[in-house]
Participant: 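Here it is, the structure in full.
Every number for a ligand or one of its atoms is a count from 1 in the order of the listing.
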Amino acid sequence: TDPQNFYAEVGGAPVFDKIVSRFYEQVREDEVLRPLYPEEDLGPAEVRLRMFLEQYWGGPRTYSDQRGHPRLRMRHAPFKVGPIERDAWLRCMRVAVDEAGLDDAHRAQLWQYLTYAAASMVNSDF
Ligand code: HEM
């Protein structure tokens, strides 16, 4: 499916809310990921990821209204993202995506994007 139609096809805001809140529930408990986040309150980081994904998949463009061009690789540069961090991120995201109730085709499309995006965020060999 065209990524621009994905948001509407899967059910819009509630689905993205469910995925991202479940993801951050796990980040809170994750000993690899939790220390990377500079702020005590993960709420604002959760909002930013949710807005970004909604925009990428054809939903509201609130992310760019508030944050400008995503430039995600640059925004991750302050954090060490090696293979261990990438795998931890994907492990948390996998649970969140699997529990979201998407049909197989949409789930596979989302997962393919997330694995690709996570690989492209790696900025350390270790
Ligand atoms: C921000 C970690 C992959 C999207 C952040 C932050 C950290 C982080 C520590 C700062 C928290 C904050 O916003 O205050 C990681 C790690 C990854 C990863 C360890 C492992 C590969 C991804 C991927 C995406 C993504 C694959 C998108 C598909 C975002 C967004 C922000 C963010 C949208 C907020 C950017 C902004 O507007 O400032 N990430 N991230 N991240 N991340 Fe990631």
Side-chain angles (χ1 to χ4, degrees):
T1 205
D2 181 341
Q4 287 304 113
N5 299 328
F6 186 97
Y7 179 84
E9 286 174 11
V10 301
V15 170
F16 284 80
D17 196 40
K18 185 170 183 187
I19 293 170
V20 176
S21 64
R22 186 73 179 102
F23 172 75
Y24 270 101
E25 257 175 45
Q26 292 173 89
V27 170
R28 266 181 203 94
E29 314 278 305
D30 192 281
E31 53 190 29
V32 173
L33 296 177
R34 185 64 189 89
L36 285 180
Y37 287 80
E39 289 172 49
E40 166 102 45
D41 179 7
L42 291 180
E46 179 174 333
V47 172
R48 290 191 276 270
L49 179 59
R50 193 183 66 228
M51 291 189 303
F52 172 80
L53 291 174
E54 288 181 339
Q55 173 169 315
Y56 179 86
W57 291 104
R61 302 198 52 84
T62 323
Y63 179 87
S64 281
D65 291 345
Q66 294 191 8
R67 305 290 291 165
H69 190 286
R71 300 161 140 239
L72 284 189
R73 237 188 99 77
M74 185 200 77
R75 292 192 204 262
H76 287 76
F79 314 108
K80 184 200 144 213
V81 183
I84 294 177
E85 290 77 14
R86 176 202 60 203
D87 289 351
W89 194 97
L90 285 169
R91 196 164 60 239
C92 294
M93 195 48 99
R94 181 63 188 234
V95 173
V97 168
D98 282 353
E99 290 180 6
L102 302 179
D103 62 78
D104 286 350
H106 285 104
R107 189 181 44 73
Q109 186 178 9
L110 178 57
W111 189 248
Q112 182 179 36
Y113 164 76
L114 291 168
T115 49
Y116 172 85
S120 79
M121 229 58 83
V122 170
N123 57 23
S124 165
D125 293 336
F126 56 91

Participant: Mark the output for Y113 as yes if a heavy-atom distance to ligand 1 is under 4.0 Å, and as no if none is.
Facilitator: yes
Participant: Do you reckon L72 sits in the same ILVMFWY cluster as M51, going by side-chain contacts under 4.5 Å, direct or chained?
Facilitator: yes
Participant: Hey, which N, O or S atom on H76 ends up closest to atom 43 (Fe) of ligand 1?
Facilitator: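 Within H76, restricted to N, O or S, atom 43 (Fe) of ligand 1 is closest to atom NE2.
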Participant: Look at atom 7 (C) of ligand 1 and say which protein heavy atom is nearest, naming residue and atom and giving the distance to 0.1 Å.
Facilitator: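 Nearest protein contact, heavy atoms only, for atom 7 (C) of ligand 1 is Y37 CE2, 3.7 Å.
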Participant: With heavy-atom distances below 4.0 Å as the criterion, list the atoms of ligand 1 near R67.
Facilitator: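 Answer for ligand 1: 36 (C), 37 (O), 38 (O).
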Participant: Please step through side-chain contact (heavy atoms from CB on, under 4.5 Å) for the pair W57 and Q109, ending with a clear verdict.
Facilitator: CA-CA 11 Å; W57 291 104; Q109 186 178 9; 3.9 Å; yes
Participant: Check Y63 against ligand 1 and report side chain, backbone, both or neither, counting heavy atoms closer than 4.0 Å.
Facilitator: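 For Y63, the contact with ligand 1 is made by the side chain alone.
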Participant: Between Y63 and R48, is there a donor-acceptor pair closer than 3.5 Å when you use the side chain of the first and the backbone of the second?
Facilitator: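 Pair absent, no side-chain N/O of Y63 close to backbone of R48.
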Participant: Is L90 touching ligand 1 with its side chain, its backbone, both, or neither, if touching means heavy atoms under 4.0 Å apart?
Facilitator: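 Within the 4.0 Å criterion, L90 makes no contact with ligand 1.
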Participant: With distance as the sole test, does R50 use its side chain to make a donor-acceptor pair with the main-chain N or O of F16 at under 3.5 Å?
Facilitator: no
Participant: Should R61 and D65 count as an ion pair when the cut-off is N to O under 4.0 Å?
Facilitator: no
Participant: Out of all atoms in ligand 1, which are within 4.0 Å of some heavy atom of A117? Include the element for each.
Facilitator: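 Near A117, meaning under 4.0 Å from one of its heavy atoms, ligand 1 has 26 (C), 28 (C).
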Participant: I'd like to check which ligand 1 atoms, numbered from 1 as shown, lie under 4.0 Å from a non-hydrogen atom of R75.
Facilitator: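 Answer, ordered by atom number: 35 (C), 36 (C), 37 (O), 38 (O).
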Participant: Judged by modelled atom types alone, do Q55 and S64 share a side-chain donor-acceptor pair under 3.5 Å?
Facilitator: yes
Participant: More than 12 non-hydrogen atoms from neighbouring residues, nucleotides or ligands closer than 6.0 Å to CD1 on I84, yes or no?
Facilitator: no
Participant: Counting distance only, does the side-chain N/O of K80 pair as donor-acceptor with the main-chain N or O of L36 below 3.5 Å?
Facilitator: no
Participant: Specify the protein heavy atom at minimum distance from atom 30 (C) of ligand 1: its residue, its atom name, and the distance to 0.1 Å.
Facilitator: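 Here the nearest protein heavy atom works out to L72 CD2, 3.8 Å.
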Participant: Polar contacts were defined as any N/O atom of the residue lying under 3.5 Å from an N/O atom of the ligand; does this apply to E39 and ligand 1?
Facilitator: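 The answer is no, given that E39 and ligand 1 share no N or O pair closer than 3.5 Å.
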Participant: May I ask which of F79, Y56, Y116, W89 has a heavy atom nearer to atom 23 (C) of ligand 1 than the others do?
Facilitator: W89
Participant: Go through ligand 1 atom by atom and flag the ones less than 4.0 Å from a non-hydrogen atom of A45.
Facilitator: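 Those of ligand 1 that fall under 4.0 Å from A45 are 11 (C), 12 (C), 13 (O), 14 (O).
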Participant: Taking side chain as C-beta onward, heavy atoms only, is R107 less than 4.5 Å from D98?
Facilitator: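 When only atoms from C-beta onward are counted, D98 and R107 do touch, with a gap below 4.5 Å.
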Participant: Who's the nearest protein heavy-atom neighbour of atom 12 (C) of ligand 1, and how far?
Facilitator: R48 NH2, 3.4 Å
